[in-house]
Amino acid sequence: MQVKVAKSAGFCFGVQRAVDTVYEQAEKGVRPIYTYGPIIHNEVVVEDLKEKGVEVLNSLEELKKVEKGTIIIRSHGVGREIYELIREKGLDCVDATCPFVKKIHKIVDKESAAGKEIIIIGNDKHPEVEGIKGWCRTKAYVIESAEQAEELCASETVPLCIVSQTTFNYKKFKDLVEILDKKRYDKIVVNTICNATEERQTEARQIAGEVDAMIVIGGSHSSNTQKLFEICRNECENTYYIQTVCDLDLEVLRSTGLVGITAGASTPKKIIEEVQTRCLN
Ligand code: F3S
């Protein structure tokens, strides 16, 4: 059996960087040490970090109760007030915000300081959007559907700056901007979508089209893994979804020549390598 692993399988650059940062700090012996929110939506990783002394703060209230130690900001980023609170409390801050998210913070900070109101195209409940809102000095609107774009009634006399959540779908972003175009607002549009997700999907589609069987690895609640599975299934009937190497059924793969492997955004490299090794042995 031959195996082809997608280069873009698993963590994107920003998440890998954030996870590495936490491990580095923990291994340096920094204590007490906290991440503001789970560093990644993967219980295995969060548990492993807990054993190494890394605690997760799940809310602002929990952060307020911390008296000493180091707070690590995850790749999603946070609003200005969180940095201020960390500073006021005399805590150390290690910032692992993805540079692509940081760029959005800078844009909305600058444009709102110049008087523009901000439109964020994305999911209002997502922590990344929460963080972006926290850098807006003027009013910030969050829209994610055509209805919300139609219903938006920002003042026509105030200029606008439109940005996007990094993981938003590009086609949908374009559609929503078109709706806003019809309203003739004075605006600038900055496409801040990160193409890590799209690259992962494109590569998965391409590999699934070449192989005899395809394995998609990811968490059971991961919507991006589900999406990867659908994409691969469309190209390759023998597509299997697994969470870890324990779910791998080598019997069904035995008669296949070339097997492809990809993984969702929260799948650690270690799990991908274990699956690859098992297929090869
Ligand atoms: Fe990942 Fe950063 Fe893009 S966290 S999805 S590389 S914006």
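All values below come from the heavy atoms of this structure, side chains included, with hydrogens, waters and symmetry mates left out. Order of listing sets the numbers, starting from 1, for every ligand and every atom in it.
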Problem set entry | Inter-residue atom distance Ile215.CD1 - Lys4.NZ, 0.5 Å rounding | 15.0 Å
Seminar exercise, completed: Atoms of ligand 1 under 4.0 Å from any heavy atom of Cys98, numbered from 1 in the order shown, are 2 (Fe), 4 (S), 6 (S), 7 (S)
For this session: Could you tell me whether atom 2 (Fe) of ligand 1 has an N, O or S atom of Cys194 under 2.8 Å away?
Result: no
For this session: Looking only at protein heavy atoms, identify the closest one to atom 6 (S) of ligand 1 and say how far it is in Å.
Result: Gly14 N, 3.5 Å
Exercise. How about Phe168 and Leu176: do any of their side-chain heavy atoms sit closer than 4.5 Å?
Worked result: yes
Exercise. What is the ring orientation for Trp135 with His105, classed by angle as parallel under 30°, tilted 30 to 60°, or perpendicular over 60°?
Worked result: parallel
For this session: Provide the number and element of each atom of ligand 1 under 4.0 Å from a heavy atom of Thr166.
Result: 7 (S)
Exercise. Do the side-chain N and O atoms of Glu198 and Tyr170 include a donor-acceptor pair separated by under 3.5 angstrom?
Worked result: no
Exercise. Looking at atom 1 (Fe) of ligand 1, what's its closest protein heavy atom, distance included?
Worked result: Cys12 SG, 2.3 Å
For this session: Determine whether Lys270 and Val44 make a side-chain contact, defined as any pair of heavy atoms from C-beta on separated by less than 4.5 Å.
Result: no
